[in-house]
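Shown next, in structure tokens, is the structure this report addresses.
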Amino acid sequence: MTYTPRFILNFLTCLILPLLASAGDPEVTVTRVENLPNRLFYFDDTPVVLFHDPVRLAVMRSPDEGKTWSPISGPQEGEAVRLIDHPHNNEMAFIIGRDTTHWVTYNQGDSWQSFETPREASLGASMLSFHAEQDGWILFQGRACEDTGLGKWGGGKSCWDETYYTQDAFRSPAKLLLAQTSQCLFARSSPAFVNAPESLIFCVAFDSSNKPGGGGMHSYKESRLYSSEDWYENKRFVDLGIGKRARGVVGLGVVSKFMVAALKVSEGEGAKRAGGDPMHLYVSTDGKEWRQTQFPHSALPDLKENAYTVVESTTHSIAVDILTSPSANIGTLFVSSSEGTYFVEALPDTNRNDYGIVDFEQLVGLEGVGIANVVSNREEVVGWGEAKKIKSKITYDDGSSWRLIKAPPTHLNGDDWSCNRENLESCSLHVHSVTTPHNIGRVFSSTAPGYVMAVGSVGDSLLPYEDCDTFLSTDAGLTWKMVQEGAHKYEFGDQGSVLVIVDDEEPTDNVKYSYDGGATWSQLDLGVTVRGLVLTTIPDSTSQKFLLIGTLPRRDSGKGGRHALIFLDFAPVQTRQCTDSDFERWYARSEEGKECLMGHKQWYQRRKLDAQCYVGHKFEDPIGHEENCACTDDDYECDFNYVRQDGECVPVGPEPVPAGTCNKADDQYLGSSGYRKIPGNTCENRSDKAKDSPIMKDCSAARPKEGKVSHVTHEFGSVITQHQYFPGSQSVLLQLSDGTVWQSSNEGFSWKQLYEKEAFLGITMHSFANERAYLLTDSKRIYHTTDYGRSWNVITAPEVPNNLGIPILDFHPTKSDWLIYTGAINCADTLSTNCRAVSYYSTDHGRRWKKIEEYVRNCAWARDARLKIDEREIICESYKNKKGSQLGGDYNPLELIAGANYYSKKIKLFDAVVGFASFSEYLLVAQLNEMAGTLSLQVSLDGYHFSEGQFPPSMKIENRAYTILESNTDSVFLHVTMNSDTSKEWGSIFKSNSNGTYYNLAVEYVNRNTAGYVDFEKMLGLDGIAVINIVANPKEADISGKKKLQSRITHNDGGTWKPMNPPPKDSLGQEYDCTSTSCSLQIHGYTERRDPKATYSSPSAVGLMLAVGNVGEELAPYTDSDVFLTRDGGFTWEEVHKDAHIWEFGDFGSILVLVNDEEATDHILYTTDEGLTWQEYAFGQTLRIKSIQTVPDDTSRRFLLIGNVPGQGEKSILVHLDFSAITNIKCELSIEDPNHDDFQLWSPSEGREENCLFGRQTMYHRRIRDRNCYIGQRVDQPKTIVRNCTCTPADFECEFNYRRDASGNCVLVEGASPLSIDTEYEQCDGTTDYWYERTEYRKIPYSSCEGGERPDRGKRHECPGLILRGGLGGLFWGSIAMIPFAFAGLAGWYYWTKGSRPGAIRLGEHRAFGDDSPAAGVLSIIASVPIFLIALGQEGWAWVTRKVPFLDDLFASRTPYRSVPIDDDGE
């Protein structure tokens, strides 16, 4: 094409204005343009710059770093839609055209060749993907469309993406790789990802035979990940290690040496109720083996969209930031292990912006050094909406530790700061970071060794940008100095020998530069006045030439355009090139003993600050030199199958032995020391033996041969009083009666004492964050862990712990750092006249405490796992009279106070109470009527408004004790004591409606004990099944004191109770000596159970129950009882062994273990076929076993026996049993081929009169009884298959404040008021067409019935404001795709907290008790919801276009955020 002078003048006014300057002055050249660029980049290691005009859709080129510019010779004006550089080849660049014609340059833009593609480019995805080594291998993402005729006016299109490939950079036509794709990339798209095959390509794709559905889009549920090594002549489904369930892949990318894939799993209504769409992240380091990432659960609750950002990562780990305070854009930074799977907290309270960008950046060329900003007043920001107070911190060890940045010694003019710089908390340097960018590229550093610049302020927090000054460090942030007042843009050149700054607060006609490390500055006049927008140079900062982009005042715009590209050349200033004597050796991290990191010291040769010379060596990055250090403990990590415990690596269990060894029992073998050098670490072993050298071990400690059980015995010097597992891990804690605490990180295989000089009062597990535990002392020291015991730290409590029987710690269900601590003042002396309990709260995990109230009996967070009320509300039982001693016996009314905003706004709920409990979704209060001396039950669903529990007229409970029983079916089971005489206690069980206000009698004469606990237990994992024991002779027992107990079972959630069917014969094949019609199975209940953790059932073993009992007309003594098993939820039973035994479930029920509970024994019994056959295993010592334990969810194959040698009750023996070697065959579940797998379908409704319960029939996959295989921890529990039933009257209950009358109709309770009939705000959620007026009925929330009669629906109304009834259109998805951080994920499950005592919740107790003490009888079925949000964006800087409209993707290669493209509909 021929460019006319007129066109050139219109497009690029060549007003080249060389300024008159004397010799040795910098050179300034101004080029005016009409439009600012949206893409400007240098070809790496060249002086060539390309400029994309987004208005004219044209490209210009400069061969001399921006001094002169000319249009390229390729596309016409209006054809260049997008400009893309080749990230791995500095000769190539690409221009994407409007249709199927595009252009490529192979010579840095000097000439351009057009090429055709079969499809136009897909603008909604990464158009081009590159291979890091084969620069001719390129993938092109095209868009195919066809007319459907289904549009509103007969139009409409269906579109999909297709991927094409070239092996010669489009010199020949591109070929189809795969159709129906959303994204394809080379495994080796990153230079660091070297372990994958060279030709391996991954594609996120859909079924090629199916066109997109309604709206012209595929469903993300059908997206799968495929791979190929032959350009998709053959493709392989990538199952991510989870089989055919690996669907819904919505993101794929390479971050350093890690490949990550985001999987969005559809979980239906269950996911919606839990608060988000499930999202899983998988990682691979070779493109073949994939692992799911694991984040600490404390980071996961309440995470929403824009919450997960992949920040700068090294070849050793991935760094991510997770949004932990959504309303305030505050996060927590996590760093992964070397394999990219397990993440640990690195820095809490990180600052983020609305687009998910995090204030974190590593310094270039310096391993382990980074700067981050944190929010120091998170509590005030989240709670009261205060402005953020930002503090800056720096790390020198890859985030392991952080410290505030020390302020410069003085102000620029030599004055002292207004604060004491020795007190870093109130006087340190804080700097603006990447969330508020004022230039392109990196914020703080370049390749100039050790040079760091920033705009910031000195004080207790960061000031606004316009109130800040400009600072410089020449030693990687260790020391700083102010170099200019006011905010400036800055850039480094000639490896740091020249520094250039330009005013960033107002228009200017000059820049300043320094050749002596900022000691002195010279001014360079520009000849024009501009508002500086960008100051840049070549990416490696080795040139003395810079480019300033700015906007002229309107009066100066003239014909040439209002914007200016100002070329600055400082080469004339220094005419002598530096020699060896002008350089110094500069070491990174030379302070505080941090010289060695990753096993070496790092140093650079750099120009002395006062040397009068230039470095030169243009396009040559500074070379970092390494000196290896001697290896220390910091250079090693735990070897495979070892875990870190209190600073040491311990085995997870017996390790496999090398083949050919251990032929005799007393042989030894060469095994792992437990350590391995961290990948990438270069330290040198300078001792006789390296830490990772193999060591000789006894074969007796090795893993047994397949089919064998093994054990290890541990003796403790005093009695084990408490044991706690960390759910979801292999860590266990023990407390002994002597106050010592021991820890095992391998399920009890080995043990280590924690803090030998401490005496501990107890162990408290965090109720909602599995990875957290607390060791309480008699002082203000509390030891805590946030990583399953891998490390322990100290919290300083505000007071010593109380000795008043009040829970010491209370935990928040969604904010793991939020604690309530109740201590005591002046209570050490029993004669104290002012002993009182005082409660404090902390929202930063004990770093700061604020007082709640004094003279309290209990303070707790009002919110519970399912009680979704104000998360900042605190409820206290507070004594009315704030005087005297709480140890005294004088009556002092307990008021119930609810405090919003962390108790700052107090509301008295009740004048006098006996206690309160948050249970399931209810807040229950026992109100005391002081005048009458009676009790009433008050129920609330929001923590502020209460309704009195209504009981049948003949069943008054004012003067009766009651116990709240366990429930997980959206209703309350309440046991009301009808006979409270000692040893004669029994009562009635009432069941409430779903709002807990109206109670119906469910069953009478239910047994309880003196402590208030009840023989009532629900089956875990199956809805509606419960077992009780009733007193069959209440009148006789009242006289004789001898109860005659009988067992009853319900399969319809308390609707009916029946005797339990006895088995026809006993375990010896003999018939029972009981032939009357009243013969049934009787089992011992909770009130008799010595080990409260030995529940009948297990959440992981569906349908299985074990019990000790007898067949007869009444329950026999425990010692006359035998062991019974049911496999169908209690419909049929079989006797599996004689004599009473205690039991435990393992591996989802594939292993059952029994041990004699009547006398001392030297063996256990176990079965792998659910009791068909039993095997005996001797552990070599006769012990009186007190309990069997395993992980809380019963998924492990390792168990602990806790007991003692007969006659030595002052000591404990612990036996670790390992069944891992009894089989190496893993069970297979095949939905597609159910006749050839190891599972069967079973439903509890098969033996039930009612086919449906809660509106559904449920079927379960469970292992076939006699299959010789294990299920394993890493295999998901068998899935349930639900068929929803037609709604019947049983699926509805009375609305709030209504109750059923004698005819079964719902009528308003006398004196109560109905709720408003308007439910628009509840039902209209943006996707619902209609809302219905409220009636007397409501659908039971737990029911999932469909259709049928709907008495809960009144008059129908249309929902207002609903526009897109047919689904979301392409415009919606296109706009969402521009936000790079828009994924939400959730994974949830229920587990049984076996550290709690099942059976009852008594009013006055609380969930904080999770130990074995008698006062800790709290059952909790906890919904543990680990949530992580994914924010893997296509354009890491796309949000900048809103801040600085012309900046689309400037210098993407220098952006610190990794780009992981997402398909459109994946959002």
Side-chain angles (χ1 to χ4, degrees), residues 241 291 638-643 645 649-659 661-662 665 669 671-672 674 697-714 725-732 744-751 788 1098 1100-1101 1143-1155 1163-1170 1173-1180 1188-1202 1214-1229 1238 1263 1266-1277 1394:
R291 299 173 298 276
C638 293
D639 201 357
F640 180 71
N641 272 336
Y642 283 77
V643 293
Q645 174 186 313
C649 293
V650 298
V652 297
E655 65 179 330
V657 299
T661 60
C662 291
Y669 69 98
S672 171
K697 299 182 178 181
D698 293 333
C699 288
S700 58
R703 178 177 294 182
K705 296 180 180 179
E706 184 175 0
K708 300 295 183 181
V709 184
S710 64
H711 77 276
V712 177
T713 302
H714 301 276
Y725 280 85
F726 287 87
S729 82
Q730 298 180 334
S731 297
V732 197
S744 172
S745 295
N746 44 31
E747 299 184 61
F749 179 74
S750 62
W751 295 90
Y788 300 100
S1098 166
S1100 64
W1143 63 87
E1144 189 55 276
F1145 302 86
D1147 189 42
F1148 303 91
S1150 72
I1151 301 173
L1152 305 178
V1153 178
L1154 300 180
V1155 65
H1163 66 275
I1164 56 98
L1165 299 168
Y1166 71 93
T1167 176
T1168 58
D1169 53 19
E1170 298 175 8
T1173 60
W1174 292 87
Q1175 300 182 59
E1176 186 177 297
Y1177 177 76
F1179 45 81
I1188 313 176
Q1189 300 299 325
T1190 187
V1191 297
D1193 55 5
D1194 296 336
T1195 58
S1196 175
R1197 293 194 284 173
R1198 299 187 178 100
F1199 301 81
L1200 300 179
L1201 303 180
I1202 299 176
L1214 185 147
V1215 181
H1216 172 268
L1217 295 173
D1218 192 343
F1219 291 81
S1220 301
I1222 59 175
T1223 180
N1224 290 325
I1225 302 172
K1226 198 169 187 178
C1227 300
E1228 293 186 5
L1229 172 62
D1238 298 307
R1263 196 193 69 150
D1266 58 357
R1267 293 298 168 90
N1268 180 29
C1269 62
Y1270 72 96
I1271 298 173
Q1273 284 180 290
R1274 294 192 178 275
V1275 176
D1276 285 350
Q1277 294 192 37
K1394 300 185 70 172

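Residues take their numbers from the sequence shown, with the count starting at 1. Bear in mind the structure is a predicted one, so any value in this text is a computation, not a measurement.
Remark: T1168 engages no residue in a side chain to side chain donor-acceptor pair (under 3.5 Å) (not counting sequence neighbours). Here D1169 pairs with T1167, T1173 under the side chain to side chain donor-acceptor pair (under 3.5 Å) rule; sequence neighbours left out. Residues satisfying the salt bridge (Lys or Arg N to Asp or Glu O under 4.0 Å) criterion with R291, sequence neighbours excluded, are absent altogether. Under the rule for a side chain to side chain donor-acceptor pair (under 3.5 Å), the partners of Q1175 that lie at least two apart in sequence or sit in another chain are Y1166. The ring pair (Phe, Tyr, Trp, His ring centres under 6.0 Å) check on F1199 picks up F1219, with sequence neighbours excluded. Among residues two or more places apart in sequence or in another chain, the side chain to side chain donor-acceptor pair (under 3.5 Å) test is passed with H714 by none.
Checked by atom type and distance alone, the side chain of S731 pairs as donor or acceptor with a backbone atom of Y788 at under 3.5 Å. Not a single donor-acceptor pair under 3.5 Å links the side chain of D1147 to the backbone N or O of Y1270. Under a 3.5 Å cut-off, the side chain of S1100 and the backbone N or O of D1193 do form a donor-acceptor pair. The backbone N or O of Y1177 lies less than 3.5 Å from no partner atom in the side chain of H1163, so there is not a single donor-acceptor pair.
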Check the pair L1152 / F1145 against side-chain contact (heavy atoms from CB on, under 4.5 Å), numbers first and verdict last. CA-CA 5 Å; L1152 305 178; F1145 302 86; 3.4 Å; yes
Does V1155 form a side-chain contact (heavy atoms from CB on, under 4.5 Å) with L1165? I'd like the steps, not just the answer. CA-CA 6 Å; V1155 65; L1165 299 168; over 6 Å; no
Between F726 and V732, does a side-chain contact (heavy atoms from CB on, under 4.5 Å) hold up when you go through it step by step? CA-CA 6 Å; F726 287 87; V732 197; over 6 Å; no
Take Q730 and S745, measure what side-chain hydrogen bond (donor to acceptor under 3.5 Å, both in side chains) needs, and give me the verdict at the end. CA-CA 6 Å; Q730 298 180 334; S745 295; over 6 Å; no
Starting from the C-alpha separation in whole Å, work towards a yes-or-no answer on side-chain contact (heavy atoms from CB on, under 4.5 Å) for I1222 and V709. CA-CA 6 Å; I1222 59 175; V709 184; 3.7 Å; yes
Apply salt bridge (charged side-chain N to carboxylate O under 4.0 Å, His left out) to R1198 and D1218, showing your working. CA-CA 5 Å; R1198 299 187 178 100; D1218 192 343; 3.3 Å; yes
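Side-chain contact between K1226 and C1269 is absent, with no heavy atoms from C-beta onward closer than 4.5 Å. Within the 4.5 Å cutoff, no side-chain heavy atoms of I1188 are placed close to those of W1143. Using a 4.5 Å heavy-atom threshold, the side chains of I1164 and L1217 count as touching.
E1170 contributes atom CD, which lies 8.5 Å from atom OG of S1150 (distance to the nearest 0.5 angstrom).
The pair D1238-R1263 does not count as a salt bridge, with every side-chain nitrogen at least 4.0 angstrom from each carboxylate oxygen.
For V1215 against H711, the heavy-atom pair with the smallest separation is CG1-CB, 4.0 Å. Across all non-hydrogen atoms, the minimal contact from G1149 to A1101 is CA-CB, 3.7 Å. Taking all atoms of both residues into account, the shortest heavy-atom contact from D698 to Y669 is O-CE2, 3.6 Å.
S750 and N746 form a side-chain donor-acceptor contact under 3.5 Å, judged by distance and modelled atom types alone.
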